[in-house]
Q: 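Mind having a look at this structure? Questions to follow.
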Amino acid sequence: MRLFATTIATETNTFSPMPTSLDAYRDCVFLRPGEHPDDTPLMCTAPLWVARKRAKKEGFTLIEGSCFAASPAGTTNRADYEFMRDEILGQLKAALPVDGVLLGLHGAMVAHGYDDVEGDIIERVRALVGSKTVIGVELDPHCHLTLKRVRLADVIVLYKEFPHTDVVERAEDVLDIVLKTLRGQAKPVMSLYDCRQIQSYPTTLPLMRAFVDRMKAMEGKDGILSISIGHCFPYADVPELGGRILVVMDKDKAKGDALATRIGEEFVSMRGKTMPEYLRIDDGISTALAFNDMPVVMADPADNAGGGAPSDNTTILRRLIEREAQEAVLGPLWDPIAVRLCFDAGLGAEFPLRFGGKIGPTSGAPIDAKVTVIGLKRDCWQSFGPTQVPLGDCAAIRVGGVEIVLISNRTQALGLELFTNLGIDPTKKKMVVVKSTNHFMAAFGPIAKKVIYIDSDGPLSRDYRKIPYTRVTRPIWPLDEKTSPGLIL
Ligand SMILES: [Zn+2]
């Protein structure tokens, strides 16, 4: 038995002012066959990593393709996408015949000329391998679950957790179902229900937590191979954006259709009930100041690099400084130039620095202040579950009672090391402001005495009605009140 595995992945915010080129993949994951590290999966490479671990025991040969992944940002350069895609397809062609293909994709990648990158890849893989080879795909729930993908793949499984702490487990699921199919123990059929809605679904909140736990309990019984909840990725102007439910059933399509419909209808009934409360900036700061335990963790989802934002919006920071907040720390603020200037000034130096507010109108104005350099570190990192996320060179500065961590590799707040590697202990702070939507909860949830979500003026508005879509298929909630959800495959 021969399996081929590969990754090409990013989450594309088509409204972002930062285009994504080959350099962004080189900065992140750019590995040729055999170069993938053995100790940990990287962004979206879990199917390859899991297959490598299990190949010998399960009795199959794994042929590894290249792995390419970039941090979320704007649309990928067309020639660069085609270069990566064609390299992978060339490797697959050379590996033929194969019994199975494992694709570790994100699901919300857009390249110039390609609204549905993952659909394009699956279509070209199918054309090469033919109808008998089993194609298994792992996606992030913040994806566009397009008809093309579901028609052309055999098995698609999405992560269930948000924060995404189950990437490896879901890759195991994909491999399990692909192997069962190849051994004649299962015949997967997929059903897709379109909920016609845009919303966010952190699984750390009770309603969504219970929903996901129930889906998990159903799997493995009554022929149910897998149930995936497509959250959607709201910051992309593509026709098939929206929440969808995907059921993978063994053989019985009618039964899969009925289940997808039942779950889909329930998901529709959860509209408006799965997001946390978002406070305005000054209300959030006042609430944190009045709270008499510490730390209070305040999230700034609207400037989350994980959704393609620049992560250099200064509005919350400016208010913290103006209100003379004490024992406050904020991070990460992406500003490689300011980091360079801090290294030039040196540890302990006090000097006038302009930082933040650079990339676009939604970044706000830069801050000019006399800062003290309180931490400097080359090649910093933070952890996210089992993976290490590079931060590049980092500097920590202090303005009054507010400390700020400046980073060079644009990414969201994930691990406590974002602060501790620069000598700042977030558990000893009154207020910890993190730029992240919900992934921060995995590490910061356990230390937080209170969590506050803020709706700032960053680019990822929490009010989806404010996003200037022109190509999203309507009607869709909450842009439209009346919608027609239903089974589409
Ligand atoms: Zn995601």
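None of the values given here were measured: they were computed from a predicted structure. Ligands are counted one by one from 1 in listed order, and the atoms in each one are counted from 1 as well.
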Q: Considering residues at least two apart in sequence or located in another chain, which fulfil the ring pair (Phe, Tyr, Trp, His ring centres under 6.0 Å) criterion with Y201?
A: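 Expected list: H231, F267.
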
Q: Applying ring pair (Phe, Tyr, Trp, His ring centres under 6.0 Å), can you list everything that pairs with Y159, at least two apart in sequence or on another chain?
A: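 H164.
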
Q: Does D80 pair with R85 as a salt bridge, N-O distance under 4.0 Å?
A: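 No, this pair does not count.
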
Q: Are Y81 and F83 close enough that their ring centers fall under 6.0 Å?
A: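 Between Y81 and F83, the centre distance exceeds or equals 6.0 Å.
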
Q: Taking side-chain hydrogen bond (donor to acceptor under 3.5 Å, both in side chains) as the definition, give me every residue that meets it alongside T261, ordered by chain and number, with sequence neighbours left out.
A: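 Here no residue qualifies.
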
Q: Do V134 and V101 have side chains that get closer than 4.5 Å, going by heavy atoms?
A: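 No. Closest side-chain heavy atoms not under 4.5 Å.
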
Q: Considering the Zn ion (ligand 1), could you give the total of protein N/O/S atoms lying closer than 2.8 Å?
A: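 For the Zn ion (ligand 1), protein nitrogen, oxygen or sulfur atoms under 2.8 Å: 4.
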
